[in-house]
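To start, the structure under review is shown below, and the notes come after it.
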Number of protein chains: 2
Amino acid sequence: MQSSPVLQNVNKHIQLTEDEVMYFLSLLHQQVVPKKHFLLKEGCACNQLYFVESGTLRAYYLDRNGKESTIMFAVNDWWITDMYCFINRLPAMLHIETLESASIQQLSRDGFDALCSRIPKFERFFRIIMQNAYTREQLRVIQNLSLSAEERYDQFVAKYPQIVQQVTQKQIASYLGITPEFLSSIRAARAKK
Amino acid sequence: MQSSPVLQNVNKHIQLTEDEVMYFLSLLHQQVVPKKHFLLKEGCACNQLYFVESGTLRAYYLDRNGKESTIMFAVNDWWITDMYCFINRLPAMLHIETLESASIQQLSRDGFDALCSRIPKFERFFRIIMQNAYTREQLRVIQNLSLSAEERYDQFVAKYPQIVQQVTQKQIASYLGITPEFLSSIRAARAKK
DNA sequence: TAAATTTCTTAACCTACCTTAAGTATTTCT
DNA sequence: AGAAATACTTAAGGTAGGTTAAGAAATTTA
(Lines give C-alpha, C1' and ligand atoms only; values in the text may rest on other atoms or scores of the structure.)
Protein backbone atom coordinates (compact mmCIF):
# COMPACT_ATOMS: atom_id res chain seq x y z
CA MET A 1 0.00 0.00 0.00
CA GLN A 2 1.26 3.46 -0.84
CA SER A 3 1.57 5.87 2.04
CA SER A 4 0.84 9.48 1.33
CA PRO A 5 1.54 12.05 4.06
CA VAL A 6 -2.11 12.27 5.02
CA LEU A 7 -2.36 8.51 5.42
CA GLN A 8 0.74 8.47 7.55
CA ASN A 9 -0.82 11.16 9.68
CA VAL A 10 -4.00 9.12 10.13
CA ASN A 11 -1.98 5.99 10.85
CA LYS A 12 -0.42 7.63 13.86
CA HIS A 13 -3.69 7.14 15.71
CA ILE A 14 -5.82 4.52 13.98
CA GLN A 15 -5.32 1.44 11.78
CA LEU A 16 -7.43 1.30 8.63
CA THR A 17 -8.27 -1.64 6.40
CA GLU A 18 -7.47 -1.37 2.71
CA ASP A 19 -11.12 -0.64 1.88
CA GLU A 20 -11.27 2.08 4.47
CA VAL A 21 -8.11 3.64 3.05
CA MET A 22 -9.70 3.67 -0.42
CA TYR A 23 -12.86 5.23 0.90
CA PHE A 24 -10.94 7.86 2.85
CA LEU A 25 -8.77 8.78 -0.12
CA SER A 26 -11.84 9.03 -2.34
CA LEU A 27 -13.13 11.85 -0.11
CA LEU A 28 -9.95 13.90 -0.35
CA HIS A 29 -9.18 16.47 -2.96
CA GLN A 30 -5.60 17.46 -3.61
CA GLN A 31 -4.74 21.01 -4.43
CA VAL A 32 -1.52 22.90 -5.06
CA VAL A 33 -1.81 26.50 -3.96
CA PRO A 34 0.76 29.14 -4.89
CA LYS A 35 2.34 31.46 -2.37
CA LYS A 36 0.23 34.34 -1.07
CA HIS A 37 -3.11 32.86 -2.02
CA PHE A 38 -6.13 32.51 0.21
CA LEU A 39 -7.73 29.19 1.10
CA LEU A 40 -10.37 30.99 3.11
CA LYS A 41 -11.52 34.56 3.60
CA GLU A 42 -13.60 36.08 6.35
CA GLY A 43 -17.29 35.91 5.56
CA CYS A 44 -16.97 32.97 3.17
CA ALA A 45 -18.55 29.61 3.84
CA CYS A 46 -16.05 27.42 5.67
CA ASN A 47 -16.79 23.96 4.34
CA GLN A 48 -13.32 22.44 4.13
CA LEU A 49 -10.81 20.94 6.49
CA TYR A 50 -7.25 21.22 5.18
CA PHE A 51 -4.29 18.91 5.67
CA VAL A 52 -0.90 20.39 4.77
CA GLU A 53 1.36 18.02 2.83
CA SER A 54 3.95 20.72 2.26
CA GLY A 55 4.22 24.49 2.38
CA THR A 56 3.31 27.01 5.06
CA LEU A 57 -0.11 28.41 5.96
CA ARG A 58 -1.31 31.06 8.36
CA ALA A 59 -4.77 31.63 9.86
CA TYR A 60 -5.46 35.10 11.17
CA TYR A 61 -8.21 37.30 12.50
CA LEU A 62 -8.57 40.81 11.15
CA ASP A 63 -10.24 43.13 13.65
CA ARG A 64 -12.31 46.23 12.96
CA ASN A 65 -9.22 48.45 13.33
CA GLY A 66 -7.38 46.48 10.66
CA LYS A 67 -5.09 44.73 13.14
CA GLU A 68 -4.15 41.14 12.26
CA SER A 69 -3.92 38.52 15.00
CA THR A 70 -2.32 35.27 13.92
CA ILE A 71 -4.32 32.38 15.32
CA MET A 72 -2.21 29.54 13.99
CA PHE A 73 0.49 28.57 11.56
CA ALA A 74 0.40 25.23 9.79
CA VAL A 75 3.32 23.47 8.16
CA ASN A 76 3.54 19.92 6.83
CA ASP A 77 1.58 17.30 8.77
CA TRP A 78 -0.86 19.82 10.30
CA TRP A 79 -4.63 20.03 9.94
CA ILE A 80 -6.07 23.53 9.71
CA THR A 81 -9.37 25.33 9.23
CA ASP A 82 -11.57 27.88 10.97
CA MET A 83 -12.88 25.09 13.20
CA TYR A 84 -15.52 27.12 15.00
CA CYS A 85 -17.15 28.13 11.72
CA PHE A 86 -16.56 24.74 10.06
CA ILE A 87 -18.38 22.94 12.86
CA ASN A 88 -21.16 25.46 13.31
CA ARG A 89 -21.71 26.13 9.60
CA LEU A 90 -21.04 29.82 10.07
CA PRO A 91 -19.35 32.28 7.70
CA ALA A 92 -15.61 32.25 8.40
CA MET A 93 -14.18 34.70 10.91
CA LEU A 94 -10.61 33.90 9.91
CA HIS A 95 -8.48 34.34 6.82
CA ILE A 96 -6.25 31.42 5.83
CA GLU A 97 -3.42 32.20 3.43
CA THR A 98 -0.39 30.39 2.04
CA LEU A 99 2.92 31.92 3.09
CA GLU A 100 4.77 29.47 0.86
CA SER A 101 3.41 27.53 -2.05
CA ALA A 102 1.57 24.57 -0.53
CA SER A 103 0.31 21.13 -1.35
CA ILE A 104 -3.00 20.59 0.42
CA GLN A 105 -5.44 17.71 0.86
CA GLN A 106 -8.91 19.01 1.50
CA LEU A 107 -11.78 17.20 3.13
CA SER A 108 -15.25 18.73 2.86
CA ARG A 109 -17.59 18.89 5.83
CA ASP A 110 -19.83 16.37 4.12
CA GLY A 111 -16.79 14.14 3.73
CA PHE A 112 -15.88 14.70 7.35
CA ASP A 113 -19.41 13.84 8.51
CA ALA A 114 -19.59 10.76 6.27
CA LEU A 115 -16.20 9.56 7.45
CA CYS A 116 -17.18 9.86 11.10
CA SER A 117 -20.54 8.14 10.58
CA ARG A 118 -19.31 5.30 8.39
CA ILE A 119 -15.98 4.56 10.02
CA PRO A 120 -16.12 5.00 13.79
CA LYS A 121 -12.34 4.80 13.89
CA PHE A 122 -12.40 8.28 12.39
CA GLU A 123 -14.42 9.50 15.33
CA ARG A 124 -11.47 8.34 17.38
CA PHE A 125 -8.99 9.97 15.05
CA PHE A 126 -10.70 13.33 15.14
CA ARG A 127 -11.33 13.05 18.86
CA ILE A 128 -7.57 12.86 19.28
CA ILE A 129 -6.95 15.69 16.81
CA MET A 130 -9.46 17.91 18.64
CA GLN A 131 -8.06 16.91 22.01
CA ASN A 132 -4.57 17.93 20.94
CA ALA A 133 -5.84 21.17 19.44
CA TYR A 134 -7.74 21.94 22.65
CA THR A 135 -4.80 21.31 24.96
CA ARG A 136 -2.51 23.31 22.66
CA GLU A 137 -4.84 26.32 22.78
CA GLN A 138 -5.25 25.98 26.52
CA LEU A 139 -1.49 26.01 27.00
CA ARG A 140 -1.39 29.12 24.87
CA VAL A 141 -4.00 30.81 27.06
CA ILE A 142 -1.98 29.89 30.16
CA GLN A 143 1.18 31.33 28.66
CA ASN A 144 -0.56 34.50 27.46
CA LEU A 145 -1.82 35.05 30.99
CA SER A 146 1.33 34.18 32.92
CA LEU A 147 4.38 35.05 30.80
CA SER A 148 5.95 38.30 29.57
CA ALA A 149 6.26 38.97 25.85
CA GLU A 150 9.93 37.99 25.95
CA GLU A 151 9.19 34.68 27.65
CA ARG A 152 6.41 33.93 25.17
CA TYR A 153 8.82 34.55 22.32
CA ASP A 154 11.33 32.13 23.85
CA GLN A 155 8.66 29.49 24.24
CA PHE A 156 7.51 29.97 20.68
CA VAL A 157 11.02 29.59 19.29
CA ALA A 158 11.61 26.49 21.41
CA LYS A 159 8.29 24.88 20.46
CA TYR A 160 8.10 25.73 16.77
CA PRO A 161 11.66 26.03 15.42
CA GLN A 162 10.49 25.02 11.96
CA ILE A 163 7.91 27.78 11.84
CA VAL A 164 10.39 30.40 13.05
CA GLN A 165 12.45 29.71 9.92
CA GLN A 166 9.50 30.17 7.60
CA VAL A 167 7.55 33.19 8.73
CA THR A 168 8.36 36.87 9.19
CA GLN A 169 8.88 38.54 12.54
CA LYS A 170 5.81 40.63 11.90
CA GLN A 171 3.78 37.43 11.75
CA ILE A 172 5.38 36.00 14.88
CA ALA A 173 4.67 39.27 16.68
CA SER A 174 1.01 39.08 15.67
CA TYR A 175 0.89 35.51 17.03
CA LEU A 176 2.42 36.60 20.34
CA GLY A 177 0.13 39.62 20.63
CA ILE A 178 2.84 42.29 20.43
CA THR A 179 3.98 44.80 17.78
CA PRO A 180 6.80 44.00 15.36
CA GLU A 181 8.72 46.98 16.79
CA PHE A 182 8.59 45.55 20.26
CA LEU A 183 9.63 42.09 19.05
CA SER A 184 12.54 43.73 17.29
CA SER A 185 13.63 45.40 20.50
CA ILE A 186 13.35 42.12 22.42
CA ARG A 187 15.62 40.49 19.86
CA ALA A 188 18.06 43.41 19.93
CA ALA A 189 18.29 43.26 23.73
CA ARG A 190 18.91 39.52 23.51
CA ALA A 191 21.65 39.87 20.88
CA LYS A 192 23.73 41.99 23.28
CA LYS A 193 24.12 39.17 25.79
CA MET B 1 -35.28 5.00 32.59
CA GLN B 2 -34.08 7.59 35.07
CA SER B 3 -32.22 10.53 33.66
CA SER B 4 -29.45 11.92 35.79
CA PRO B 5 -27.80 15.21 34.72
CA VAL B 6 -24.77 13.40 33.31
CA LEU B 7 -26.98 11.14 31.18
CA GLN B 8 -28.89 14.11 29.91
CA ASN B 9 -25.60 15.69 28.97
CA VAL B 10 -24.50 12.59 27.08
CA ASN B 11 -27.89 12.33 25.39
CA LYS B 12 -27.41 15.72 23.82
CA HIS B 13 -24.98 14.16 21.38
CA ILE B 14 -25.45 10.38 21.30
CA GLN B 15 -28.24 7.83 21.89
CA LEU B 16 -27.34 4.95 24.18
CA THR B 17 -29.06 1.58 24.64
CA GLU B 18 -30.14 0.59 28.11
CA ASP B 19 -27.13 -1.73 28.48
CA GLU B 20 -24.78 1.02 27.44
CA VAL B 21 -26.34 3.36 29.96
CA MET B 22 -25.81 0.76 32.69
CA TYR B 23 -22.21 0.27 31.69
CA PHE B 24 -21.55 3.99 31.55
CA LEU B 25 -23.11 4.61 34.95
CA SER B 26 -21.07 1.76 36.43
CA LEU B 27 -17.90 3.64 35.54
CA LEU B 28 -18.94 6.85 37.27
CA HIS B 29 -18.33 7.72 40.85
CA GLN B 30 -20.43 10.35 42.52
CA GLN B 31 -18.93 12.69 45.03
CA VAL B 32 -20.18 15.65 47.02
CA VAL B 33 -17.43 18.14 47.65
CA PRO B 34 -17.80 21.01 50.13
CA LYS B 35 -16.97 24.60 49.28
CA LYS B 36 -13.28 25.56 49.09
CA HIS B 37 -11.96 22.05 48.63
CA PHE B 38 -9.55 20.89 45.96
CA LEU B 39 -10.39 18.24 43.39
CA LEU B 40 -6.88 18.54 41.96
CA LYS B 41 -3.62 20.18 42.96
CA GLU B 42 -0.59 21.01 40.87
CA GLY B 43 1.88 18.16 40.81
CA CYS B 44 -0.72 15.48 41.60
CA ALA B 45 -1.61 12.71 39.19
CA CYS B 46 -4.54 13.84 37.07
CA ASN B 47 -6.50 10.65 36.50
CA GLN B 48 -10.06 11.91 36.64
CA LEU B 49 -12.47 13.70 34.37
CA TYR B 50 -15.16 15.58 36.30
CA PHE B 51 -18.74 16.32 35.37
CA VAL B 52 -20.45 19.02 37.44
CA GLU B 53 -24.01 18.15 38.46
CA SER B 54 -24.27 21.23 40.66
CA GLY B 55 -22.00 23.75 42.33
CA THR B 56 -19.19 25.90 40.98
CA LEU B 57 -15.59 24.95 40.19
CA ARG B 58 -12.53 26.88 39.09
CA ALA B 59 -9.33 25.64 37.41
CA TYR B 60 -6.34 27.92 37.74
CA TYR B 61 -2.64 28.07 37.07
CA LEU B 62 -0.33 29.36 39.81
CA ASP B 63 2.87 30.82 38.37
CA ARG B 64 6.27 31.03 40.02
CA ASN B 65 5.51 34.55 41.28
CA GLY B 66 2.38 33.34 43.02
CA LYS B 67 0.02 34.90 40.49
CA GLU B 68 -3.16 32.94 39.78
CA SER B 69 -4.54 32.74 36.25
CA THR B 70 -8.03 31.31 36.01
CA ILE B 71 -8.18 28.89 33.10
CA MET B 72 -11.81 27.93 33.35
CA PHE B 73 -14.88 27.99 35.52
CA ALA B 74 -17.32 25.09 35.52
CA VAL B 75 -20.92 25.19 36.65
CA ASN B 76 -23.63 22.56 36.25
CA ASP B 77 -23.54 20.58 33.01
CA TRP B 78 -19.82 21.22 32.36
CA TRP B 79 -16.97 18.73 32.10
CA ILE B 80 -13.68 19.82 33.62
CA THR B 81 -10.17 18.53 34.25
CA ASP B 82 -6.56 19.46 33.50
CA MET B 83 -7.00 17.93 30.04
CA TYR B 84 -3.40 18.26 28.91
CA CYS B 85 -2.15 16.34 31.92
CA PHE B 86 -5.10 13.90 31.94
CA ILE B 87 -4.40 12.91 28.34
CA ASN B 88 -0.63 12.82 28.58
CA ARG B 89 -0.47 11.18 32.01
CA LEU B 90 1.52 14.07 33.41
CA PRO B 91 1.41 15.59 36.90
CA ALA B 92 -1.22 18.32 36.97
CA MET B 93 -0.21 21.88 36.17
CA LEU B 94 -3.56 23.24 37.34
CA HIS B 95 -5.41 23.49 40.60
CA ILE B 96 -9.13 22.72 40.56
CA GLU B 97 -11.17 23.94 43.53
CA THR B 98 -14.81 24.18 44.46
CA LEU B 99 -16.09 27.73 44.87
CA GLU B 100 -19.44 26.44 46.04
CA SER B 101 -20.25 23.02 47.42
CA ALA B 102 -20.53 20.75 44.40
CA SER B 103 -21.99 17.45 43.33
CA ILE B 104 -19.59 15.77 40.93
CA GLN B 105 -19.58 12.65 38.79
CA GLN B 106 -16.06 11.47 38.19
CA LEU B 107 -14.80 9.24 35.40
CA SER B 108 -11.31 7.79 35.70
CA ARG B 109 -8.93 7.73 32.77
CA ASP B 110 -9.24 3.96 32.68
CA GLY B 111 -13.00 4.39 32.55
CA PHE B 112 -12.63 6.99 29.83
CA ASP B 113 -10.39 4.70 27.77
CA ALA B 114 -12.65 1.71 28.28
CA LEU B 115 -15.73 3.71 27.34
CA CYS B 116 -14.12 4.92 24.12
CA SER B 117 -12.89 1.45 23.16
CA ARG B 118 -16.03 -0.47 24.00
CA ILE B 119 -18.67 2.00 22.87
CA PRO B 120 -17.56 3.89 19.76
CA LYS B 121 -20.47 6.27 20.27
CA PHE B 122 -18.44 7.66 23.16
CA GLU B 123 -15.60 8.46 20.78
CA ARG B 124 -18.16 10.60 19.03
CA PHE B 125 -19.36 12.13 22.25
CA PHE B 126 -15.89 13.10 23.40
CA ARG B 127 -14.93 14.22 19.90
CA ILE B 128 -17.75 16.73 20.14
CA ILE B 129 -16.82 17.74 23.70
CA MET B 130 -13.19 18.28 22.64
CA GLN B 131 -14.25 20.14 19.52
CA ASN B 132 -16.35 22.52 21.57
CA ALA B 133 -13.58 22.97 24.10
CA TYR B 134 -11.09 23.68 21.32
CA THR B 135 -13.22 26.26 19.56
CA ARG B 136 -14.05 27.90 22.89
CA GLU B 137 -10.36 28.28 23.74
CA GLN B 138 -9.57 29.52 20.25
CA LEU B 139 -12.24 32.19 20.54
CA ARG B 140 -10.69 33.17 23.84
CA VAL B 141 -7.26 33.52 22.22
CA ILE B 142 -8.77 35.68 19.48
CA GLN B 143 -10.44 37.91 22.03
CA ASN B 144 -7.33 38.16 24.20
CA LEU B 145 -5.39 39.29 21.14
CA SER B 146 -7.91 41.69 19.65
CA LEU B 147 -9.96 43.24 22.46
CA SER B 148 -9.24 45.66 25.29
CA ALA B 149 -9.74 44.58 28.89
CA GLU B 150 -13.05 46.42 29.03
CA GLU B 151 -14.33 44.70 25.90
CA ARG B 152 -13.24 41.31 27.21
CA TYR B 153 -15.17 41.95 30.42
CA ASP B 154 -18.29 42.81 28.44
CA GLN B 155 -17.97 39.64 26.39
CA PHE B 156 -17.48 37.56 29.51
CA VAL B 157 -20.57 38.98 31.18
CA ALA B 158 -22.61 38.44 28.03
CA LYS B 159 -21.39 34.88 27.51
CA TYR B 160 -21.37 33.58 31.08
CA PRO B 161 -24.07 35.47 33.03
CA GLN B 162 -24.52 32.51 35.37
CA ILE B 163 -20.84 32.47 36.27
CA VAL B 164 -20.74 36.23 36.87
CA GLN B 165 -23.29 35.71 39.66
CA GLN B 166 -21.26 33.01 41.34
CA VAL B 167 -17.62 34.07 41.40
CA THR B 168 -15.73 37.05 42.83
CA GLN B 169 -14.41 39.94 40.78
CA LYS B 170 -10.91 38.93 41.72
CA GLN B 171 -11.53 35.59 40.00
CA ILE B 172 -13.06 37.19 36.94
CA ALA B 173 -10.08 39.55 36.73
CA SER B 174 -7.69 36.59 36.83
CA TYR B 175 -9.67 34.97 34.00
CA LEU B 176 -9.48 38.13 31.91
CA GLY B 177 -5.78 38.62 32.61
CA ILE B 178 -6.08 41.90 34.51
CA THR B 179 -5.77 42.94 38.15
CA PRO B 180 -8.81 43.19 40.44
CA GLU B 181 -8.04 46.91 40.89
CA PHE B 182 -8.25 47.52 37.18
CA LEU B 183 -11.48 45.56 36.86
CA SER B 184 -12.89 47.62 39.69
CA SER B 185 -12.03 50.82 37.84
CA ILE B 186 -13.59 49.51 34.63
CA ARG B 187 -16.80 48.81 36.54
CA ALA B 188 -16.69 52.20 38.26
CA ALA B 189 -16.28 53.99 34.91
CA ARG B 190 -19.18 51.99 33.53
CA ALA B 191 -21.46 52.79 36.46
CA LYS B 192 -21.19 56.52 35.72
CA LYS B 193 -22.85 56.17 32.34
C1' DT C 1 18.91 44.77 -12.57
C1' DA C 2 16.41 48.61 -11.13
C1' DA C 3 12.32 50.20 -9.01
C1' DA C 4 8.86 49.21 -5.82
C1' DT C 5 7.33 47.09 -1.92
C1' DT C 6 7.79 45.03 2.33
C1' DT C 7 10.48 44.03 6.43
C1' DC C 8 13.34 45.17 10.12
C1' DT C 9 15.43 48.44 13.25
C1' DT C 10 15.94 52.41 16.28
C1' DA C 11 14.31 56.00 19.07
C1' DA C 12 11.26 59.43 21.26
C1' DC C 13 7.05 59.84 23.23
C1' DC C 14 2.59 57.75 24.89
C1' DT C 15 -1.01 54.82 27.27
C1' DA C 16 -3.33 50.75 29.03
C1' DC C 17 -2.78 48.44 32.63
C1' DC C 18 0.12 47.34 37.02
C1' DT C 19 1.79 48.27 41.80
C1' DT C 20 1.39 49.88 46.19
C1' DA C 21 -1.15 51.47 49.75
C1' DA C 22 -4.84 52.68 52.61
C1' DG C 23 -9.68 52.67 53.60
C1' DT C 24 -14.35 50.47 53.45
C1' DA C 25 -17.51 46.71 52.83
C1' DT C 26 -18.48 41.99 53.02
C1' DT C 27 -17.89 37.30 54.27
C1' DT C 28 -16.11 33.70 57.22
C1' DC C 29 -14.95 31.76 61.44
C1' DT C 30 -15.42 31.03 66.50
C1' DA D 1 -22.34 38.62 67.66
C1' DG D 2 -17.68 39.96 67.38
C1' DA D 3 -13.12 39.21 65.46
C1' DA D 4 -10.53 38.00 61.56
C1' DA D 5 -10.01 37.43 57.04
C1' DT D 6 -11.10 38.47 52.43
C1' DA D 7 -13.02 41.32 48.82
C1' DC D 8 -13.77 45.68 46.77
C1' DT D 9 -12.65 50.60 45.88
C1' DT D 10 -9.88 54.67 45.05
C1' DA D 11 -5.90 57.08 43.92
C1' DA D 12 -0.99 58.18 42.99
C1' DG D 13 2.94 56.81 40.72
C1' DG D 14 5.27 53.22 37.63
C1' DT D 15 6.30 50.14 33.54
C1' DA D 16 5.60 46.86 29.75
C1' DG D 17 4.51 47.37 25.60
C1' DG D 18 2.28 50.65 21.88
C1' DT D 19 2.60 54.48 18.41
C1' DT D 20 4.71 57.23 15.17
C1' DA D 21 8.21 58.19 12.17
C1' DA D 22 12.16 57.66 9.48
C1' DG D 23 16.04 55.15 7.66
C1' DA D 24 18.35 50.68 6.31
C1' DA D 25 17.97 46.01 4.68
C1' DA D 26 15.80 42.50 2.29
C1' DT D 27 12.50 40.75 -0.95
C1' DT D 28 9.39 41.07 -4.80
C1' DT D 29 8.09 42.59 -9.18
C1' DA D 30 8.71 44.40 -13.75
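Residue numbers begin at 1 in each chain, while the letters A, B, ... track the order of the sequences.
- Applying the side chain to side chain contact (heavy atoms under 4.5 Å, CB included) test between B:T98 and each of B:T56, B:V52, B:L57, B:I104 identifies B:L57 as the sole match.
- Taking hydrophobic clusters as Ile, Leu, Val, Met, Phe, Trp and Tyr residues chained together by side-chain heavy-atom distances below 4.5 Å, B:M72 shares a cluster with B:I172.
- Here the nucleotide nearest the side chain of B:A149, chosen from C:dT9, C:dC17, D:dG18, is C:dC17.
- Comparing B:S148 and A:P180 by the nucleotide of DNA chain C that holds the closest heavy atom to each, the one mapping nearer the 5' end is A:P180.
- With rounding to whole Å, B:D63 atom CG is found 14 Å from C:dC18 atom C1'.
- Ring-plane geometry between A:F125 and A:W79 is classed as perpendicular, the angle between the planes exceeding 60 degrees on a 0 to 90 degree scale with a lower cut at 30.
- A chain of hydrophobic side-chain contacts below 4.5 Å, direct or via other Ile, Leu, Val, Met, Phe, Trp or Tyr residues, connects A:L107 to B:M130.
- Distances shorter than 4.0 Å separate none of the side-chain N or O atoms of B:S184 from OP1 or OP2 on D:dC8.
- Residue B:Q171 places none of its side-chain N or O atoms closer than 4.0 Å to OP1 or OP2 of D:dA7.
- Taken together through direct or relayed side-chain contacts under 4.5 Å among Ile, Leu, Val, Met, Phe, Trp and Tyr, A:V141 and A:L147 form parts of separate hydrophobic clusters.
- Here the P atom of nucleotide D:dA7 and the CG atom of B:L99 are 11 Å apart, to the nearest Å.
- Contact annotation for B:T168: backbone-only contact, meaning every heavy-atom pair under 4.0 Å involves sugar-phosphate atoms and none involves a base.
- When rounded to the nearest whole Å, the span between CG of A:L183 and P of D:dG18 equals 10 Å.
- Atom pair A:E97:CD and C:dT6:P shows a separation of 13 Å (rounding to whole Å applied).
- In this structure, CZ of B:F182 is placed 14 Å from C1' of D:dA11, rounded to the nearest angstrom.
- B:Y61 and B:F86 are members of different hydrophobic clusters when ILVMFWY side chains are connected at heavy-atom separations under 4.5 Å.
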In 5'-to-3' order, the base (B), backbone-only (S) or no-contact (-) status of each nucleotide in nucleotides 20-30 of chain C, using a 4.0 angstrom heavy-atom cut-off, is BB------S--
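- When the P atom of C:dC8 is taken as reference, atom OH of A:Y153 falls 10 Å away, rounded to whole Å.
- If you run ring-ring contact (aromatic ring centres under 6.0 Å, His included) between B:F73 and each of B:Y175, B:Y160, B:W78, only B:Y175 comes through.
- Distances shown here put every side-chain N or O of A:T179 at or beyond 4.0 Å from the OP1 or OP2 atom of D:dG17.
- Each of A:E100 and A:I186 has a nearest nucleotide on DNA chain D; the 5'-most of these lies closest to A:I186.
- Counting to the nearest Å, the C1' atom of D:dA16 and the CG atom of A:N144 are 15 Å from each other.
- As a whole-Å value, the separation of B:E150 CD from C:dC17 P is 9 Å.
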